[in-house]
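Down below is the structure, laid out as structure tokens.
Just so we're clear, the structure is a prediction, and the values are computed from it rather than from any experiment.
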Amino acid sequence: QVQLVESGGDLVQPGGSLRLTCAASGTVSSIKTMGWYRQAPGKQRELVATITIRGQPNYADSVKGRFTISIDNAKNTVYLQMNSLKPEDTAVYYCNAQFYFTRETTWGQGTQVTVSS
């Protein structure tokens, strides 16, 4: 079983930056892809960015050019560097892992990001 623990959420002003961290533990060798999703109040959870363990990223159009996802396989950790934050980025951000041998996914507990002037 893989466990995901997120950190880094905070209150920031528009235009500010924040880095989210997701640390994976357990059977980490089974992980194929990791990613970040977010859910704002009253909204569906949406994809923010994903990255394969080979380092290939994919971004939602709304964050492309502002956010950068990266992975450190040695540390079993994925990061989301968020720059030029906007109020509409306010959401709970969830880390996600997908695996080689199952269609199931694992979610972190979520970390709150609030962008407010």
>> Testing the 3.5 Å rule here: is there a donor-acceptor pair between the side chains of Asn58 and Gln56?
In response: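 Short answer, no.
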> Any side-chain donor-acceptor pair under 3.5 Å between Asn83 and Ser17?
Replying inline: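 Per modelled atom types, Asn83 and Ser17 side chains form a pair under 3.5 Å.
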ILVMFWY cluster, [X] and [Y] together (side-chain gap under 4.5 Å):
X: Ile71; Y: Leu20; answer: yes
X: Trp36; Y: Val2; answer: yes
X: Met82; Y: Val12; answer: yes
X: Tyr79; Y: Val48; answer: no
X: Tyr59; Y: Met34; answer: yes

Atom of [X], atom of [Y] and distance for their closest heavy-atom approach:
X: Arg38; Y: Asp89; result: NH1-OD1, 2.9 Å
X: Val113; Y: Gly9; result: CG2-CA, 4.1 Å
X: Thr33; Y: Ile51; result: CG2-O, 3.3 Å
X: Ala24; Y: Ile31; result: CB-CD1, 4.0 Å
X: Gln98; Y: Thr105; result: CG-CG2, 3.7 Å
X: Thr106; Y: Gln1; result: OG1-OE1, 3.9 Å

>> For the aromatic rings, using the six-membered ring if either is Trp, is the centroid distance between Trp107 and Tyr37 under 6.0 Å?
In response: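 Centroid distance Trp107-Tyr37: below 6.0 Å, so yes.
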>> Any side-chain to backbone donor/acceptor pair from Ser116 onto Thr114? Under 3.5 Å, distance only.
In response: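 No: the side chain of Ser116 does not pair with the backbone of Thr114.
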> Hey, does the side chain of Asn73 reach the backbone of Ile53 with a donor-acceptor pair shorter than 3.5 angstrom?
Replying inline: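 Yes: the side chain of Asn73 pairs with the backbone of Ile53.
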>> Please determine whether side-chain contact (heavy atoms from CB on, under 4.5 Å) holds for the pair Lys32 and Tyr100, giving the CA-CA distance in whole Å, both sets of side-chain angles, and the decisive distance to 0.1 Å.
In response: CA-CA 6 Å; Lys32 179 171 62 178; Tyr100 286 107; 3.8 Å; yes
> Stepwise, does the side-chain contact (heavy atoms from CB on, under 4.5 Å) test hold for Arg66 with Ser84?
Replying inline: CA-CA 6 Å; Arg66 299 188 297 121; Ser84 302; 4.0 Å; yes
>> Assess the residue pair Tyr94 and Thr111 against the criterion (side-chain contact (heavy atoms from CB on, under 4.5 Å)); give the C-alpha distance rounded to whole Å, side-chain angles, the decisive distance to 0.1 Å, and a yes or no.
In response: CA-CA 7 Å; Tyr94 296 92; Thr111 184; over 6 Å; no
